[in-house]
Amino acid sequence: MQKLVRVKLSVEAYVRERYHRQMRPPSQCPNCGRFHRLWAHGYYERDSTDLLGKVIAFWVRRFRCTYCKITVSCLPRFAQPYCLVSHATLTAFLKGRHRRRDVQARWDLLRRYLGRFAQWQPELMKIIGHLFGRASPKEDATAFWRRAVATCGSTSKLTVLLVKEYGTTCFTTYRCHQTSFAQ
Ligand SMILES: [Zn+2]
C-alpha cells in the first residue's frame, strides 16, 4: 500500500537531508489497522520535480506489517502518487501562476494532467458526490479542479483527502490505496 506522509520539506531538502533515513513507520497499519506492527522494509527510488521543474530522484521508505504482511510505502506529500510533477508545481499551475519556471518547464505534462483529470472527473464525482458543493452545469473539469484545490489549499491536500477518505486520486483509483488482506 501507499501512505501519503506529511513531510515539512521540499523535495530538494528531503534529498539533501537524506530524510528517507529518518522516516518513522506509521504507528497504525493502513491495511489491517493494527498498531506498532510496521517494520523497516527497504527503500525504492522514484522521481519528482524540483523548483525549476527538473527531474529529481528521491528514496521512498517502505515498511512491512508483521501481522497482515502488507508492504507500506511512505510517499512524502510533495510528490504525487504515480505522477512525475511535484504538487507545488501542479498547484501553481492550477492557481494560474503560469510564468513560474517550474510551470513553464513542465507545461506539456501539466496540460496532459488536465486532460486526465477531465476524463476521470465523471467517475470521481460518483465517488465523492457533492463534497465540494453542487457544480453549476457550466463548470468544466478544469474549473471544478481549480475550485477543489482552492477549497483544500493545494493539490497535495486535495490528494490526501481523496486518498484518506475515498481511496482515490485526481486521476484514477489505484489498488495501492485500497485495503486488502489478500496481498
Ligand atoms: Zn497490517
Side-chain angles (χ1 to χ4, degrees), residues 1-50 55-91 113 116-117 119-132 145 148-149 151-183:
M1 288 187 77
Q2 185 181 68
K3 185 176 164 65
L4 307 180
V5 178
R6 191 192 309 267
V7 170
K8 287 184 180 171
L9 296 170
S10 62
V11 60
E12 293 93 330
Y14 179 95
V15 170
R16 193 172 55 241
E17 294 178 21
R18 302 169 67 80
Y19 193 81
H20 57 279
R21 293 180 162 201
Q22 300 168 43
M23 189 76 84
R24 298 201 168 273
S27 59
Q28 187 176 19
C29 173
N31 189 52
C32 69
R34 281 174 172 75
F35 286 89
H36 312 302
R37 298 287 190 141
L38 291 162
W39 293 86
H41 191 64
Y43 305 91
Y44 70 87
E45 194 179 29
R46 61 154 282 180
D47 292 333
S48 190
T49 53
D50 67 10
V55 173
I56 181 164
F58 64 97
W59 291 101
V60 177
R61 190 71 166 119
R62 299 172 85 203
F63 300 95
R64 190 158 185 267
C65 176
T66 55
Y67 183 82
C68 71
K69 313 293 182 204
I70 205 156
T71 304
V72 180
S73 15
C74 289
L75 186 70
R77 289 190 188 174
F78 54 73
Q80 295 193 72
Y82 306 104
C83 291
L84 175 71
V85 177
S86 73
H87 274 302
T89 301
L90 178 59
T91 301
Y113 290 165
R116 283 182 60 191
F117 182 82
Q119 268 194 328
W120 171 241
Q121 195 205 1
E123 281 302 311
L124 180 63
M125 300 311 272
K126 285 184 203 162
I127 297 168
I128 66 173
H130 298 299
L131 177 65
F132 297 105
W145 198 9
V149 169
T151 304
C152 293
S154 66
T155 56
S156 175
K157 287 179 179 162
L158 172 61
T159 301
V160 168
L161 172 70
L162 293 178
V163 168
K164 266 180 108 169
E165 302 298 326
Y166 301 94
T168 193
T169 71
C170 289
F171 302 115
T172 192
T173 294
Y174 296 103
R175 202 159 158 262
C176 72
H177 297 136
Q178 317 302 311
T179 52
S180 155
F181 287 92
Q183 290 180 48

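Counting starts at 1 for both ligands and their atoms, following the listed order.
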Between Thr91 (side chain only) and Thr155 (backbone N and O only), is there a donor and an acceptor less than 3.5 Å apart? yes
Excluding waters, which protein N, O or S atoms are within less than 2.8 Å of the Zn ion (ligand 1)? Cys29 SG, Cys32 SG, Cys65 SG, Cys68 SG
Ring of Phe63, cation from Arg61 - is the NZ or CZ under 6.0 Å from the centre and inside 45° of the axis? yes
Just to verify, what does Gln2 make a side chain to side chain donor-acceptor pair (under 3.5 Å) with, not counting sequence neighbours? His177
Checking Arg34 against Tyr67: charged group under 6.0 Å from the ring centre and within 45 degrees of the axis? yes
Parallel, tilted or perpendicular: rings of His20 and Trp59 (30°, 60°): tilted
Please find out if less than 6.0 Å separates the ring center of Phe58 from that of Phe78. yes
